[in-house]
K.L.:
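Pasting a structure here, questions to come.
Reckoned from all heavy atoms, side chains included, excluding hydrogens, waters and symmetry mates.
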Amino acid sequence: MDFLDEVKEFLNNQKKEKGEATANTYRSKIYAFYEFVSLELREVDVTYIFFLNVMDKNKLLQSVEYYVKAGNLKSRAAVDIYYTVLGNFYKFLSNKYGKTNDYFQDSIKKEEFKEAFESKIKQLRLRDSDMQEPIGRETAEKVLEECNKLIDGIDIEKILRKEKGVYSNYISSLIVKLVLIYGLKNEAIRKLKIKDYNDQLNDLIINNYRVRLPDGLAIQMKKYKEIRKRFLEKYGIESERLFFDDYDINKELDNTKMYIVLKKVMGNMQAGGVAKYAIIQLLREGIPAYIISDFTNYKEEVLEYCQEQIDAERGLSLLSEKSRILDSALRKNILFDDM
């Protein structure tokens, strides 16, 4: 078995143990390590197993730097996963062959490498990881299902009677759907006015961008507008806000009121992970980052982080594959045949 076969076997092993999503996440990281080791092996006359087992702390950190520079990474989130992948790869080798690299088997050496890794992160000036990782498609579908269930099953009379939690769950579900499709930050939602919503054209103006509502959400928003009107009329109050606090019309919506529905599905109310899911979809469609930032209110570093997630998923396997893609593009140069 050669080194590439070893790597492929590791990925298949991870797929069986942890699922396809994890294997896909690991793929670009372990192939970056494969590339680094392959380049190093050109300079020495030893087997790949021997080299892997005797890699010292500095050589392992060089592989970290290689991964960061190859991916043009700015935040540490993906690099933390790379660290985890290394640990799991060496655990795989240990289970298969027994003795392996001391930096992944000996507790003292493990701690030594961990400290060295943290120092390397600082040296590379990577931004701290954002604790709110983007949710995956499966979670997104569960969130959407819960939102639709609450919205479509709403009892208007309970809202008008201000029964505890009914209104909060209702508007939270509508707001989360907006975050899930558009990737909006809190302030972008809080400043929405009722005049920004057009129930005839089924569109919404967000930060001066006019966007069409998906059909299902369009129907739900029309019903919300009617409920909103009845509630305001019953209590003799007025509000320009699209979404408001039913107990204090002048109070700005807090996170709990906006995202309580997420707790039922995700166990937390971290809307940032939902927004990143949507932003990643927009980036995949080729929407320029500056437009997404202007539209969602998320800053450049969040978009860079989301782009890194996309790049990691698309990560090419081998240098040979990258070379073929580059060569193909170069051959399309109109001057190529005249050179």
K.L.:
Treat each ILVMFWY residue as a node, draw an edge where side-chain heavy atoms are under 4.5 Å apart, and state whether Ile156 and Leu150 are in one component.
P.N.:
yes
K.L.:
Check this for me: Lys229, atom NZ, are more than 12 non-hydrogen atoms of other residues, nucleotides or ligands nearer than 6.0 Å?
P.N.:
no
K.L.:
Would you indicate whether the side-chain heavy atoms of Lys120 and Glu65 approach each other to under 4.5 Å?
P.N.:
yes
K.L.:
Can you tell me how far apart CG (Asp199) and OH (Tyr224) are? Round to the nearest 0.5 Å.
P.N.:
13.0 Å
K.L.:
Ile175 versus Leu184: any side-chain heavy-atom pair under 4.5 Å?
P.N.:
no
K.L.:
Roughly how far, to the nearest 0.5 Å, is the CZ atom of Arg284 from the CD atom of Gln281?
P.N.:
5.0 Å
K.L.:
What orientation do Phe3 and Tyr48 show, parallel under 30°, tilted 30 to 60°, or perpendicular over 60°?
P.N.:
parallel
K.L.:
For the atom pair CD (Glu240) and CD1 (Ile194), what is the distance rounded to the nearest 0.5 Å?
P.N.:
10.5 Å
K.L.:
Can a donor-acceptor pair be found, under 3.5 Å and without considering hydrogens, that links the side chain of Asn198 to the backbone of Gln200?
P.N.:
yes
K.L.:
Measuring from Ile159:CD1 to Asp246:CG, what's the distance to the nearest 0.5 Å?
P.N.:
8.5 Å
K.L.:
Would you say that Tyr290 contacts Leu303 through its side chain, given a criterion of any heavy-atom pair below 4.5 Å between the two side chains?
P.N.:
no
K.L.:
For the aromatic rings, using the six-membered ring if either is Trp, is the centroid distance between Phe104 and Phe89 under 6.0 Å?
P.N.:
no
K.L.:
Under 3.5 Å, is there a donor-acceptor pair between the side chain of Ser173 and the main chain of Ile151?
P.N.:
no
K.L.:
Would the number of heavy atoms belonging to other residues, nucleotides or ligands and lying under 6.0 Å from NZ of Lys18 be above 12?
P.N.:
yes
K.L.:
Working to the nearest 0.5 angstrom, can you tell me the gap between Lys276 NZ and Thr296 OG1?
P.N.:
10.5 Å
K.L.:
For Lys191 versus Asp196, what's the shortest heavy-atom pair and its separation?
P.N.:
O-OD2, 4.1 Å
K.L.:
For the side chain to side chain contact (heavy atoms under 4.5 Å, CB included) test, which of Thr100, Leu93, Asn101, Thr47 pairs with Leu52?
P.N.:
Leu93
K.L.:
Output the distance between atom CE (Met258) and atom CZ (Arg190), rounded to the nearest 0.5 Å.
P.N.:
5.0 Å
K.L.:
Where do Tyr170 and Gln220 come nearest, in terms of heavy atoms and distance?
P.N.:
OH-O, 4.2 Å
K.L.:
Do Lys122 and Glu118 meet the salt-bridge criterion of a basic N to acidic O distance under 4.0 Å?
P.N.:
no
K.L.:
Within a strict 4.5 Å, meaning less than it, do heavy atoms of the Leu262 and Gln270 side chains meet?
P.N.:
no
K.L.:
Between Asn202 and Lys222, is the side chain to side chain contact (heavy atoms under 4.5 Å, CB included) condition met? List the steps.
P.N.:
CA-CA 8 Å; Asn202 292 328; Lys222 282 184 179 181; 3.1 Å; yes
K.L.:
Which heavy atom of Ile206 sits nearest to which heavy atom of Tyr182, and what is that distance?
P.N.:
CD1-CD1, 3.9 Å
K.L.:
Can you name the closest pair of heavy atoms from Leu253 and Asp245 and give their distance?
P.N.:
CD2-N, 3.7 Å
K.L.:
Is Lys109 salt-bridged to Asp102, cutoff N-O under 4.0 Å?
P.N.:
no
K.L.:
Is it true that, when you exclude Glu163 itself, more than 12 heavy atoms of the residues, nucleotides or ligands shown sit nearer than 6.0 Å to its CD?
P.N.:
yes
K.L.:
Among the clusters formed by ILVMFWY side chains lying less than 4.5 Å apart, do Ile291 and Tyr277 turn up in the same one?
P.N.:
yes
K.L.:
List the steps, then state whether side chain to side chain contact (heavy atoms under 4.5 Å, CB included) holds for Val54 with Val46.
P.N.:
CA-CA 11 Å; Val54 300; Val46 296; over 6 Å; no
K.L.:
Linking I/L/V/M/F/W/Y whenever any side-chain heavy atoms sit under 4.5 Å apart, do Leu213 and Ile287 land together?
P.N.:
yes
K.L.:
For Tyr83, does the six-membered ring have the charged nitrogen or CZ of Lys114 within the cation-pi criterion, i.e. under 6.0 angstrom from the centroid and within 45° of the normal?
P.N.:
yes
K.L.:
Give a yes or no on whether Asp2 atom CG has more than 12 heavy-atom contacts from other residues, nucleotides or ligands under 6.0 Å away.
P.N.:
yes
K.L.:
Which pair of non-hydrogen atoms, one from Tyr67 and one from Ala32, has the smallest distance, and what is that distance?
P.N.:
CD1-CB, 3.5 Å
K.L.:
Go through it in stages, so that I can follow the logic: the residues are Asn148 and Lys177, the test is side chain to side chain contact (heavy atoms under 4.5 Å, CB included), and I'd like the CA-CA distance, side-chain angles, deciding distance and then a yes or no.
P.N.:
CA-CA 9 Å; Asn148 283 334; Lys177 287 192 70 169; 2.7 Å; yes
K.L.:
Can you see whether Tyr26 engages Asn88 through a side-chain donor-acceptor pair at a distance of less than 3.5 angstrom?
P.N.:
yes
K.L.:
In this structure, would Ile205 and Leu242 fall into the same cluster of hydrophobic residues linked by side-chain contacts under 4.5 Å?
P.N.:
no
K.L.:
Is there a side-chain contact between Val44 and Leu41, using heavy atoms and a 4.5 Å cut-off?
P.N.:
yes
K.L.:
For the NZ atom on Lys195, are there more than 12 heavy atoms of other groups (residues, nucleotides or ligands in this structure) within a distance under 6.0 Å?
P.N.:
no
K.L.:
Would you check if Ile292 and Tyr298 make a side-chain contact, meaning some heavy-atom pair closer than 4.5 Å?
P.N.:
no
K.L.:
Cationic tip of Lys162 within the cone over Tyr235's six-membered ring, i.e. under 6.0 Å and within 45° of the normal?
P.N.:
yes
K.L.:
Is the shortest distance from a Lys or Arg side-chain nitrogen in Glu157 or Arg230 to a carboxylate oxygen in the other one below 4.0 Å?
P.N.:
yes
K.L.:
Salt bridge or not between Glu146 and Lys149? Use side-chain N to carboxylate O under 4.0 Å.
P.N.:
yes
K.L.:
Step by step, work out the side chain to side chain contact (heavy atoms under 4.5 Å, CB included) result for Phe36 and Met55.
P.N.:
CA-CA 12 Å; Phe36 173 79; Met55 286 181 77; 3.9 Å; yes
K.L.:
Should Leu39 and Arg42 count as side-chain neighbours, where that means a heavy-atom distance under 4.5 Å?
P.N.:
yes
K.L.:
Step through the shown structure and confirm whether more than 12 heavy atoms of other residues, nucleotides or ligands are within 6.0 Å of CD on Glu145.
P.N.:
no
K.L.:
If you take all heavy atoms of Ser293 and Lys299, which pair is closest and at what distance?
P.N.:
OG-CA, 4.1 Å
K.L.:
Same cluster for Ile108 and Phe113 if Ile/Leu/Val/Met/Phe/Trp/Tyr side chains link at under 4.5 Å?
P.N.:
no
K.L.:
For residues Tyr103 and Tyr90, establish whether the separation of their ring centroids is below 6.0 Å.
P.N.:
no
K.L.:
Does a side-chain heavy-atom distance below 4.5 Å link Glu6 with Phe92?
P.N.:
yes
K.L.:
Measure from NZ or CZ of Lys29 to the centre of the six-membered ring of Tyr82 and say whether it is under 6.0 Å with the direction within 45° of the ring axis.
P.N.:
no
